[in-house]
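Letters go in sequence order (proteins before strands), and every chain restarts at 1.
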Protein chains: 2
Amino acid sequence: MLDEGYAAVTSRRVADRAGVNSGLVYYYFGTMDELFLAVFRRRAEWMLERQAEALASDQPLWALWTVTHDQANTALNLEFLALGNHRKAIMTEVANYSRRFRRQQLDALSGVLEGYGLDPQEWPPASVILLLSSVSRFLLMEDSYGLDLGHAETIEIVERLLCQLEGERAPARDRD
Amino acid sequence: MLDEGYAAVTSRRVADRAGVNSGLVYYYFGTMDELFLAVFRRRAEWMLERQAEALASDQPLWALWTVTHDQANTALNLEFLALGNHRKAIMTEVANYSRRFRRQQLDALSGVLEGYGLDPQEWPPASVILLLSSVSRFLLMEDSYGLDLGHAETIEIVERLLCQLEGERAPARDRD
DNA sequence: GTCTATACCGAGATAGAC
DNA sequence: GTCTATCTCGGTATAGAC
């Protein structure tokens, strides 16, 4: 899916990769759509856990920034989004999980941001999260086709703001 | 392409829609990839012109914000991006045009932003453009699957900043 | 549960009549 | 230039042996 796009994911190739016959795909999943949904749900659940861990750190903003800034996730999400564009069931699932991600971020950060002295009137937590997420995703998207004009400076700006709010980023323990 | 995704665009269906035989697609374009490239290039050229007009206005930031905030473009771009993900020629063309778009924005806005009193050290023009573009795109992407949590507040923030830099948005003449 | 075999469809692409 | 006809391939999905 990452290398060749969702259209390249066929029952035959999946079965080949798994070392079984293509009939088994239908035995276990029913249709290809169900297979895509199963993959999506497993990934999404795993990412929700990862995000929950990140948000539970003592520097939740830095952690969110780090966890969002993950190339593989962005590329795959894009693929699922494009897939959802013309498969209703998948679109619905993408929407549901997106809401859960956003909710989780909001629940974890609303109090924290106020604690940092941010006026929720002027800088609503939902907006701070949205701004952080969108910059991160957009840069990664551009990276994917080799466009990085202005990226370094922009990352610097974001991280400067994070520093002001949350202090220096603590040294990573197991971040790549 | 918008309704059903790029995979649904086949030589037969294109020919049907045009009221001709599918062989003609190959007569005129050679391969389906060439057809996609032709569509992409024509659209991109048109959008470059639209962007140039926007940037030439007396409120170029507002104009850029408006022109970027266009649903149809975002959805189609996503589709081409996904298509490019596994067709090298298309990926290359997406990259080239993205660079031209960014260049055009930079050339038009660098001076303007400095004129607004923005310190280019603290707020490099490339970053301001990147921030504006990424928020706009991200919100539209979320809109496409019905997620709008925090959107209104975020748009308000962006437009508040635009106001500070460029004054009230002038009443539209022929915006949508 | 896993396989082989196969039905069926529609894709990309080409040949050749007109 | 436009058509019909057709080749070849690979997709989804199912039936039925083991």
Side-chain angles (χ1 to χ4, degrees), chain A residues 1-45 72 75-97 145, chain B residues 1-45 72 75-97 145:
Chain A
M1 207 164 166
L2 270 174
D3 293 345
E4 306 179 44
Y6 65 81
V9 179
T10 68
S11 51
R12 290 206 234 269
R13 293 184 71 180
V14 168
D16 275 2
R17 195 69 78 90
V20 297
N21 184 272
S22 72
L24 276 196
V25 172
Y26 299 99
Y27 179 74
Y28 281 106
F29 294 95
T31 65
M32 284 303 289
D33 269 29
E34 287 298 322
L35 177 98
F36 278 117
L37 282 175
V39 170
F40 180 76
R41 288 197 191 103
R42 192 170 69 172
R43 262 178 49 83
E45 290 294 341
L76 254 185
N77 282 342
L78 199 79
E79 212 63 42
F80 275 112
L81 213 61
L83 184 59
N85 236 2
H86 59 287
R87 312 263 193 121
K88 213 185 142 216
I90 289 169
M91 166 75 91
T92 307
E93 206 67 359
V94 169
N96 286 340
Y97 271 100
Y145 48 85
Chain B
M1 206 165 168
L2 271 174
D3 293 345
E4 305 179 44
Y6 64 81
V9 179
T10 68
S11 50
R12 294 204 230 271
R13 292 183 71 181
V14 168
D16 275 2
R17 195 71 76 91
V20 297
N21 184 273
S22 72
L24 276 197
V25 172
Y26 300 99
Y27 178 75
Y28 281 106
F29 293 95
T31 66
M32 282 304 287
D33 269 30
E34 288 298 322
L35 175 85
F36 279 117
L37 282 174
V39 171
F40 180 76
R41 287 197 192 104
R42 193 171 67 170
R43 260 179 50 83
E45 290 295 343
L76 254 184
N77 282 341
L78 198 78
E79 212 61 42
F80 274 113
L81 214 61
L83 184 59
N85 235 4
H86 59 287
R87 312 264 192 118
K88 215 184 139 216
I90 289 168
M91 166 77 90
T92 307
E93 206 67 358
V94 170
N96 286 340
Y97 271 100
Y145 48 86

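You'll find that the side chain of B:Thr31 is closest to C:dA13, out of C:dA13, C:dA11, D:dT12. Taking only side-chain atoms of B:Tyr28, from C-beta outward, the nucleotide of D:dT2, D:dA13, C:dT14 with the closest atom is D:dT2. Side-chain proximity of A:Tyr27 to the nucleotides D:dC3, C:dG12, C:dT2 is greatest for C:dT2. With D:dC3, C:dA13, C:dT2 as the choices, the nucleotide that has an atom nearest any side-chain atom of B:Leu24 turns out to be D:dC3.
Comparing A:Gly19 and B:Gly30 against DNA chain C, the residue whose closest nucleotide sits nearer the 5' end is A:Gly19.
Residue pairs meeting the side chain to side chain donor-acceptor pair (under 3.5 Å) criterion with at least one member in residues 7-16 of chain B, sequence neighbours excluded: B:Glu4-B:Arg13, B:Ser11-B:Tyr26.
Taking the side chain to side chain contact (heavy atoms under 4.5 Å, CB included) definition, one finds that A:Ala38 meets it with A:Phe29, sequence neighbours left out. When the ring-ring contact (aromatic ring centres under 6.0 Å, His included) test is applied to B:Phe40, the partners found at least two apart in sequence or on another chain are B:Phe80, B:Tyr97. Evaluation of the side chain to side chain contact (heavy atoms under 4.5 Å, CB included) rule for B:Leu78 yields A:Leu78, A:Leu81, B:Met141 as partners, not counting sequence neighbours. Partners of B:Tyr6 by ring-ring contact (aromatic ring centres under 6.0 Å, His included), not counting sequence neighbours, listed by chain and number: A:Tyr6, B:His86.
Note on B:Val25: nothing from the nucleic acid sits closer than 4.0 angstrom, heavy atoms only.
Look at CG on B:Asp16: it is 11 Å from P on D:dC3, rounded to the nearest Å. Distance, A:Arg13 CZ to D:dT12 C1': 16 Å, rounded to whole Å. The distance from atom CD of B:Glu34 to atom P of C:dA13 is 10 Å, rounded to the nearest whole Å. In this structure, B:Tyr26 atom OH and D:dC7 atom C1' are separated by 13 Å, rounded to whole Å.
In this structure, B:Asn21 does not reach the D:dT2 phosphate: none of its side-chain N or O atoms is under 4.0 Å from OP1 or OP2. Taking only side-chain nitrogens and oxygens, B:Arg12 comes nearer than 4.0 Å to OP1 or OP2 of C:dA11.
Rounding to the nearest 0.5 angstrom, the gap separating the CD atom in A:Glu79 from the CZ atom in A:Phe36 is 9.0 Å. The CG atom of A:Leu83 sits 9.5 Å away from atom CE of A:Met32, with the distance rounded to the nearest 0.5 Å.
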Please tabulate, one pair per line, each protein N/O and nucleotide N/O from nucleotides 15-18 of chain C that are separated by under 3.5 Å, including the distance.
none

